Amino acid sequence: ISSMELSNFLVSKDVAHWLWDSDSKYRNVVRPILNGQEFASDPDLLPTRFVIDFGERDEIEARLYPLAFEIVEREVKPIRSTDNRAARRERFWKFGEIAKGLYEKLKQCEYGLARQFTGEYWFWERIPGGIVYTNALVIVARFDPAEFAFLQSSIHESWAHIQGSSLHTRFRYTPSRCFGTFPQPVG
C-alpha cells in the first residue's frame with residue numbers, strides 16, 4: 001500500500017490500544033504498519049504506527065467494527081468522495097491498492113524477507129506476518145535460511161547494483177531486474 005494513500009487510515013498507538021482494549025475483535029482490523037524508514041532504523045522491527053485495515057470485508061462486515069469504521073468514515077470518506085476512481089469512492093473503507101497475493105502467501109509462512117526498495121545500505125531482514133507493509137519495502141513471501149543467505153550474499157548484491165537503478169545517490173532495488181533475473185541456486 002502506498003504511504004500517500006495510507007495516511008488517512010493511520011491511527012496513533014494510543015488509539016490502537018484504546019480500540020483493542022474496548023473489544024479484542026478490533027485486533028482483526030487495527031494492525032501495525034511498517035515502512036522503509038522504520039524498517040531501516042529499528043533492528044527489532046517494532047512498528048510504532050498502526051492502521052485500520054478492513055481487508056476484503058464488504059461494508060456490512062466492516063461496520064461490525066463500529067469504532068474503527070467511524071474513524072475511517074470521518075477521516076477517509078471525505079477525501080475518497082472526490083477520487084477519480086469510482087471503486088475508491090464507493091468502497092472508501094478499503095485500501096485502494098493491496099497486494100492480496102503477497103499477504104495470502106505471508107499467512108502460509110512463519111516469516112518472510114524484506115529490504116528497503118530504496119536505501120543506501122544492503123541488507124535483508126526476516127519479517128513476521130500480521131503487519132501491513134508499505135510499498136517502500138520489497139517483500140519475499142518465503143523464508144528459509146538458504147534463501148536468506150542467497151539474498152544477503154555479496155554475489156546477489158553485486159548483481160543487484162548492476163541491474164538496479166538509483167534515486168539520487170541511493171541504490172534502488174528493482175525486483176523484476178534484481179531478483180527476477182538473478183540466476184538462483186537449485187535445490
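None of these values were measured; they are calculated from a predicted model.
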Apply side-chain contact (heavy atoms from CB on, under 4.5 Å) to Arg115 and Phe123, showing your working.
CA-CA 6 Å; Arg115 66 157 285 116; Phe123 72 96; over 6 Å; no

Evaluate side-chain contact (heavy atoms from CB on, under 4.5 Å) for Ile71 paired with Val15, printing each intermediate quantity in order.
CA-CA 10 Å; Ile71 293 168; Val15 170; 4.0 Å; yes

Hey, mind stepping through Trp93 and Lys77 against side-chain contact (heavy atoms from CB on, under 4.5 Å) and telling me if it holds?
CA-CA 7 Å; Trp93 65 93; Lys77 188 176 182 179; over 6 Å; no

Quick one: do Phe39 and Ile127 satisfy side-chain contact (heavy atoms from CB on, under 4.5 Å)? Show the steps, please.
CA-CA 10 Å; Phe39 176 81; Ile127 57 165; 4.1 Å; yes

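Within 6.0 Å of CD1 in Ile60 there are 12 or fewer heavy atoms belonging to other residues, nucleotides or ligands. By the 6.0 Å contact criterion, CD on Gln37 is open, its count of non-hydrogen atoms from other residues, nucleotides or ligands being 12 or less. Asp44 CG: more than 12 foreign heavy atoms inside a 6.0 Å radius. Counting heavy-atom neighbours within 6.0 Å of Lys25 NZ, excluding the residue itself, gives a total above 12.
Centroid-to-centroid, the aromatic rings of Phe54 and Phe92 stay 6.0 Å apart or farther. In this structure, Tyr173 has its ring center under 6.0 Å from that of Trp124.
Within the model, atoms CD of Glu56 and CZ of Arg91 stand 9.5 Å from one another, a figure rounded to the nearest 0.5 Å. Between Glu59 atom CD and Leu64 atom CG the span is 11.0 Å, to the nearest 0.5 Å. Distance check: Glu90 CD to Asp83 CG gives 11.0 Å after rounding to the nearest 0.5 Å. The distance from the NE2 atom of His161 to the OG atom of Ser166 is 10.5 Å, given to the nearest 0.5 Å. Atom-to-atom distance recorded for Asp21:CG and Arg27:CZ is 7.5 Å, nearest 0.5 angstrom. In this structure, the separation between CD on Glu61 and CG on Asn28 is 11.5 Å, given to the nearest 0.5 Å.
Using a 30° and 60° split on the angle between ring planes, Trp159 and Phe182 fall in the perpendicular class, above 60°. Using cut-offs of 30° and 60° for the angle between ring planes, the Phe179 and His156 rings count as perpendicular.
Arg172 places no side-chain N or O within 3.5 Å of a backbone atom of Phe117 that could act as its donor or acceptor partner. In this structure, Arg177 contributes its side chain and Gln163 its backbone to a donor-acceptor pair below 3.5 Å. Between the side chain of Glu38 and the main chain of Pro47, no donor-acceptor pair closer than 3.5 Å is present. Checking side-chain atoms of Arg80 against main-chain N and O of Lys94 turns up a donor-acceptor pair under 3.5 Å. Side-chain atoms of Gln108 never come within 3.5 Å of backbone atoms of Lys105 as a donor-acceptor pair (strictly under, hydrogens ignored).
Minimum heavy-atom separation, Thr174 to Gly164: OG1-CA, 4.3 Å. Contact between Pro175 and Val138 at its shortest, heavy atoms only, is CG-CG1, 3.9 Å. Looking at every heavy atom in both residues, Ala160 comes nearest to Phe171 through O-CE1, 3.3 Å. When all heavy atoms are compared, the tightest approach of Asp53 to Arg57 is O-NH1, 4.1 Å. Annotation for Gly36 and Thr134: closest pair N-OG1, 4.1 Å, computed over non-hydrogen atoms. Nearest heavy atoms, Ser81 versus Arg89: O-CD, 3.4 Å.
In the hydrophobic cluster analysis, where Ile, Leu, Val, Met, Phe, Trp and Tyr join through side-chain heavy atoms closer than 4.5 angstrom, Val51 is grouped apart from Leu46.
The only member of Trp18, Trp20, Phe9, Tyr26 that meets ring-ring contact (aromatic ring centres under 6.0 Å, His included) when paired with Phe50 is Trp20.
The closest side-chain heavy-atom distance from Ile52 to Glu75 is not below 4.5 Å.
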